[in-house]
Amino acid sequence: MTELTRRELLEMAAAGVLVSGTATSVMAAGNDRIIVSGASGQLGELAVKDLLAAGVPARNLILVSRTPEALVPYAKAGAATRFGDFTKPESLPAAFAGGTRMLLISIGTSAGPRSVAHGHAIDAAKAAGVKQIAYTSWLGISKGDTQGIAADHVATEELLRRSAVAYTFLRNSLYMEILLPQAARMVADGKATVPKHEVRVGYVSRSDCAAAAAAVVSTPGHDNRIYDITGPALLGVADIAAAATAATGKPIAVVPADPNAPAPRSFAGPSLAFTSTAVADLTGRPATTVKTFFAENRDKLTGQGR
């Protein structure tokens with residue numbers, strides 16, 4: 001599909017124009033109204049843009065945020081933009097009113113376990129008549145991870161299973177974006193160190209996660225399904241260094257870690273050491289490779305994008 005500017009997408013969405021280029025049949029002509037929580041956040045806004053690009057009219061979108069003022073361009077295009085805060089359950093009935101499908105983007109909160117806040121959102125969505133909730137969960141659960149970062153996601157998945165609302169679990173791997181500072185250091189130092197007991201991970205771009213999320217709330221066939229959202233390949237330090245060199249032209253020497261040095265803290269555990277084809281299956285296009293991702297973010301690797 002030809003690249004469209006944000007303004008063009010919004011103008012076309014306001015007019016109800018169907019933008020072609022997706023591999024699946026969008027439910028744009030139906031009566032479904034799609035709630036996107038966290039719509040002004042990084043993942044949420046990407047999902048909104050993907051929904052518009054796929055042909056969902058802006059009038060079919062209910063965009064919920066703690067900062068709805070950031071969503072004014074979408075309101076002008078015809079989307080409903082509303083305040084909603086999962087930690088303030090009294091705000092949610094009005095925020096979700098009229099919605100029939102929902103993209104529930106996991107939040108971070110200091111006000112207790114995030115699963116409690118997610119539970120408020122699930123209860124309010126059910127009361128509003130939402131018939132499908134797609135939730136951005138954690139990849140490691142598919143390989144039995146229940147501790148640490150996985151715990152709240154496991155709890156939220158269980159709340160959804162018990163809600164009697166159709167669920168879709170989007171178990172996302174680590175975002176490829178977190179590799180940019182690491183790769184920038186490699187480029188600056190001309191050296192990359194392979195840690196002891198390295199785990200190679202199927203890092204996935206945030207844009208691919210958003211595209212997959214948009215697909216499951218705008219096309220049929222995803223009720224009570226689980227998708228492992230990963231990049232196309234397992235990546236370790238050597239792979240990251242090679243992609244950084246390809247993007248910048250800067251040679252990077254790959255060396256083993258000092259055997260006596262402590263291992264760096266990392267979320268990259270064994271439960272993340274696998275890949276799936278879900279991004280391609282859901283979106284009709286291959287998942288983004290790290291080589292492509294770094295090429296698109298070359299300025300950040302060289303320090304010019306700071």
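In this chain, residues are counted from 1 in sequence order.
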### Sole candidate of N172, D152, L170, D145 that passes side chain to side chain contact (heavy atoms under 4.5 Å, CB included) when paired with W138
D145
### Query
In chain order, what residues pass the salt bridge (charged side-chain N to carboxylate O under 4.0 Å, His left out) check against E296, with sequence neighbours excluded?
none
#### Entry: Set of salt bridge (charged side-chain N to carboxylate O under 4.0 Å, His left out) partners for R161, sequence neighbours left out
E157
### Task
Not counting sequence neighbours, which residues clear side-chain contact (heavy atoms from CB on, under 4.5 Å) with A211? List them please.
D50, T283, R285
### Summary
Sorted by chain and number, sequence neighbours left out, ring-ring contact (aromatic ring centres under 6.0 Å, His included) with Y167 holds for F169
In a table with atom names and distances, give each donor-acceptor pair under 3.5 Å that connects a side chain of residues 88-96 to protein atoms at least two apart or in another chain.
residue: S91; atom: OG; partner: D85; partner atom: N; Å: 3.0
residue: S91; atom: OG; partner: D85; partner atom: O; Å: 3.3
residue: S91; atom: OG; partner: K88; partner atom: O; Å: 2.8

### Task
Under the side-chain contact (heavy atoms from CB on, under 4.5 Å) rule, collect the residues that match up with A243, sequence neighbours excluded.
V290, F294
Donor-acceptor contacts under 3.5 Å from residues 61-68 side chains, at least two apart:
residue: S65; atom: OG; partner: S40; partner atom: OG; Å: 2.6
residue: S65; atom: OG; partner: T67; partner atom: N; Å: 2.8
residue: S65; atom: OG; partner: T67; partner atom: OG1; Å: 3.2
residue: T67; atom: OG1; partner: S40; partner atom: OG; Å: 3.0

### Summary
Residues passing the side chain to side chain donor-acceptor pair (under 3.5 Å) test with S276, sequence neighbours excluded, are none
### Message
Check this for me: Q42, atom CD, are more than 12 non-hydrogen atoms of other residues, nucleotides or ligands nearer than 6.0 Å?
### Response
no
### Query
Does any pair with a residue in residues 115-135 pass ring pair (Phe, Tyr, Trp, His ring centres under 6.0 Å), and if so which ones, sequence neighbours excluded?
H118-Y135, Y135-H153
### More than 12 heavy atoms of other groups within 6.0 Å of Q147 CD
no
### Query
Which side chain to side chain donor-acceptor pair (under 3.5 Å) pairs, counting each pair once, include a residue from residues 227-245, with sequence neighbours left out?
S142-D228, R200-D239, H222-Y227
### Task
Could you list the residues that satisfy salt bridge (charged side-chain N to carboxylate O under 4.0 Å, His left out) with K291, not counting sequence neighbours?
none
### Query
By side-chain contact (heavy atoms from CB on, under 4.5 Å), which residues pair with D223, not counting sequence neighbours?
R101, Q132, A166
### Task
State, without any angle test, whether S106 and R114 hold a side-chain donor-acceptor pair at a distance under 3.5 Å.
yes
